[in-house]
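Everything below concerns the one structure shown next.
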Amino acid sequence: MKLFVTGGAGFIGSNFVHYMLDADPAVEIVNFDALTYAGNLENLAAVEKHPRYTFIKGDISQLADVKTVFEARKFDAIVNFAAESHVDRSLHFGAGEFIETNILGTQILLDAARYYKTPRYLQVSTDEVYGSLGQQGKFTEASPVQPNNPYAATKAGADFMVRAAHKSYGLDTVITRCSNNFGPRQFPEKLIPLMIANALENKPLPVYGDGRHVRDWIYVLDHCQGIDTVLRKGKPGEIYNLGGLHDVPNIDVVRLILKYLNKPESLIQYVKDRPGHDRRYAIDTSKIQGELGWKPRLVFEDALRSTVEWYLANRPWWERIRSGEYQKYYATLYAQR
Ligand code: NAD
Ligand code: TYD
């Protein structure tokens, strides 16, 4: 199976590349990534010379970049991870790049799938397209799409383009909508790696609002396995929700990280809330469980502990990131709080 994987130098994409090369000797991967601030070839150092892996630098929102690759090779499937993925950046620095990569880029890939007759297209989407839940209930695939921040709105836009390509042209598409991931190699702008890195440097841990916002957390390799399952067995035109079945308030996650690192809770600093901050996410995974037999395997506490250990063991990885441009980002975003 020849896969065109986009965004494979980022957090989930790089975990997926590693996972797929290990899981199936019949898988060949072309990883197509623009190497934005979030793309890091260090994430793929271990497979750099792998005989079934090729890296190509390119931008999904540039037709010429995509065309060059598809003119030269045939693929069995496209798996689209490439995205601007951070809510706070979409709020503070504008949504232009989000629209270009997340919506236009998706459309260009769909056009490539159609024109070059790629048999399968998988869109990696997010539970954030559903917006926020009240105190009860969970997101099902039938929940209304009601994004509340620019990032989520562009991911929802992309999902609609995928739907349209299936309905209008009969393209064989599947969409996965997953909850919050955590694990090795996550860029330290997202909650869990940011809190681990700050705690290790004895810096304040900025918790937005009252810290009672609830997220469902899934270990990244469970997500990768879910994508593999949907890629092979998902029904064309369908959407599948994936989650870790572990929904907890942010403050509980932060406290657990401090406990594992043996750091004091006095490091927690409540800061100004994020605008449009979704209050609660929870995922109903019964469709994928019932139809495709997938469910998350890892226990949250064990997976979080092993993630903390990864950041302890790979200090140079995140220290390098935090020593560059990141400092400007952090100052801009967090000084205002
Ligand atoms: P990430 O920000 O870590 O990585 C994104 C990758 O995409 C980077 O390697 C970047 O260089 C690449 N990229 C960005 N713009 C590109 C472009 N125009 N062309 C080619 N490559 C480009 O993101 P992530 O957390 O690994 O998320 C991957 C996907 O999963 C995204 O589509 C995201 O919406 C989705 N998702 C993420 C989560 C989560 O918790 N992180 C949850 C559900 C879904
Ligand atoms: P994040 O990791 O940005 O993921 P998402 O916004 O896609 O869910 O944030 C997860 C939760 O943690 C979210 O409710 C916002 C909160 N949060 C903080 O409280 N402080 C922070 O510094 C960050 C980055 C997030």
Quick check: does any side chain N or O of [X] sit under 3.5 Å from a backbone N or O of [Y], one acting as donor and the other as acceptor?
X: N15; Y: F11; result: yes
X: N102; Y: A83; result: no
X: R52; Y: L21; result: yes
X: Y326; Y: P188; result: yes
X: K67; Y: Q62; result: no
X: H166; Y: E238; result: no
X: D216; Y: H246; result: yes
X: R120; Y: L231; result: yes
X: T154; Y: Y151; result: yes
X: K190; Y: N181; result: no

Hey, quick one: are [X] and [Y] part of the same hydrophobic cluster, counting side-chain heavy atoms closer than 4.5 Å, chains of contacts allowed?
X: I56; Y: L41; result: no
X: V124; Y: I175; result: no
X: L245; Y: I218; result: no
X: I12; Y: I192; result: yes
X: Y169; Y: I103; result: no

Side chains of [Y] and [X]: any donor to acceptor distance under 3.5 Å?
X: Y281; Y: D247; result: no
X: W294; Y: D222; result: no
X: Y116; Y: E71; result: yes

How about [X] and [Y]: do any of their side-chain heavy atoms sit closer than 4.5 Å?
X: I283; Y: L242; value: no
X: N40; Y: W317; value: yes
X: M20; Y: V5; value: no
X: H277; Y: Y208; value: yes
X: V220; Y: P184; value: yes
X: D127; Y: N241; value: no
X: F300; Y: V253; value: yes
X: K235; Y: E291; value: yes

Can you measure from [atom1] ([X]) to [atom2] ([Y]) and round to the nearest 0.5 angstrom?
X: L267; Y: Q269; atom1: CG; atom2: CD; value: 9.5 Å
X: T140; Y: R177; atom1: OG1; atom2: CZ; value: 10.0 Å
X: L256; Y: R305; atom1: CG; atom2: CZ; value: 8.0 Å
X: R215; Y: D252; atom1: CZ; atom2: CG; value: 13.5 Å
X: C178; Y: E128; atom1: SG; atom2: CD; value: 11.0 Å
X: L104; Y: M161; atom1: CG; atom2: CE; value: 9.5 Å

Using a strict threshold of under 4.0 Å (side-chain N to carboxylate O), is an ion pair present between [Y] and [X]?
X: R232; Y: D228; value: yes
X: R89; Y: E97; value: no
X: K2; Y: D76; value: no
X: R279; Y: D210; value: yes

[X] versus [Y], closest heavy-atom pair with distance:
X: R320; Y: S323; answer: O-OG, 2.8 Å
X: A46; Y: H18; answer: CB-CE1, 4.0 Å
X: L91; Y: N149; answer: CD2-CB, 4.4 Å
X: K138; Y: S143; answer: O-OG, 4.2 Å
X: S179; Y: G244; answer: OG-N, 3.7 Å
X: D24; Y: A26; answer: OD1-N, 2.7 Å

(request) Apply the ring-ring contact (aromatic ring centres under 6.0 Å, His included) test between F70 and each candidate in F32, Y115, F75; give the one that qualifies. (result)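 Among F32, Y115, F75, the one meeting ring-ring contact (aromatic ring centres under 6.0 Å, His included) with F70 is F75.
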
(message) Using the rule given for side chain to side chain donor-acceptor pair (under 3.5 Å), can you reason through H86 versus Y329, listing the C-alpha separation, both sets of side-chain angles and the distance that settles it, and then say yes or no?
(response) CA-CA 12 Å; H86 191 36; Y329 158 81; 3.1 Å; yes

(message) For a side chain to side chain contact (heavy atoms under 4.5 Å, CB included) check, start with the C-alpha distance between R322 and N198, then their side-chain angles and the critical distance, and finish with the verdict.
(response) CA-CA 10 Å; R322 287 179 29 124; N198 278 19; 2.8 Å; yes

(request) Walk me through it: do I196 and Q186 pass the test side chain to side chain contact (heavy atoms under 4.5 Å, CB included)? (result) CA-CA 11 Å; I196 296 171; Q186 186 168 29; over 6 Å; no

Answer yes or no: are there more than 12 heavy-atom neighbours, outside [X] itself, under 6.0 Å from its atom [atom1]?
X: N262; atom1: CG; result: no
X: E201; atom1: CD; result: yes
X: R274; atom1: CZ; result: yes

(request) Check D33, N80, D59, N31 against T6 for a side chain to side chain donor-acceptor pair (under 3.5 Å) and give me the one that passes. (result)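 Checked D33, N80, D59, N31 against T6; only one passes side chain to side chain donor-acceptor pair (under 3.5 Å): N80.
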
(message) Go through it in stages, so that I can follow the logic: the residues are L258 and L205, the test is side chain to side chain contact (heavy atoms under 4.5 Å, CB included), and I'd like the CA-CA distance, side-chain angles, deciding distance and then a yes or no.
(response) CA-CA 10 Å; L258 288 170; L205 273 48; 3.7 Å; yes

(message) Cation-pi check for Y334 against R337: NZ or CZ below 6.0 Å from the six-membered ring centre and within 45 degrees of the axis, yes or no?
(response)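 Positive - R337 is close enough to the ring of Y334 and near enough to its axis.
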
(request) Over 60° means perpendicular and under 30° means parallel, so classify the ring planes of F182 and W217, tilted if in between. (result)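 Because their plane-to-plane angle is over 60°, the rings of W217 and F182 count as perpendicular.
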
(request) Assess whether side chain to side chain contact (heavy atoms under 4.5 Å, CB included) is satisfied between V145 and D159, documenting all intermediate values. (result) CA-CA 10 Å; V145 172; D159 285 7; over 6 Å; no

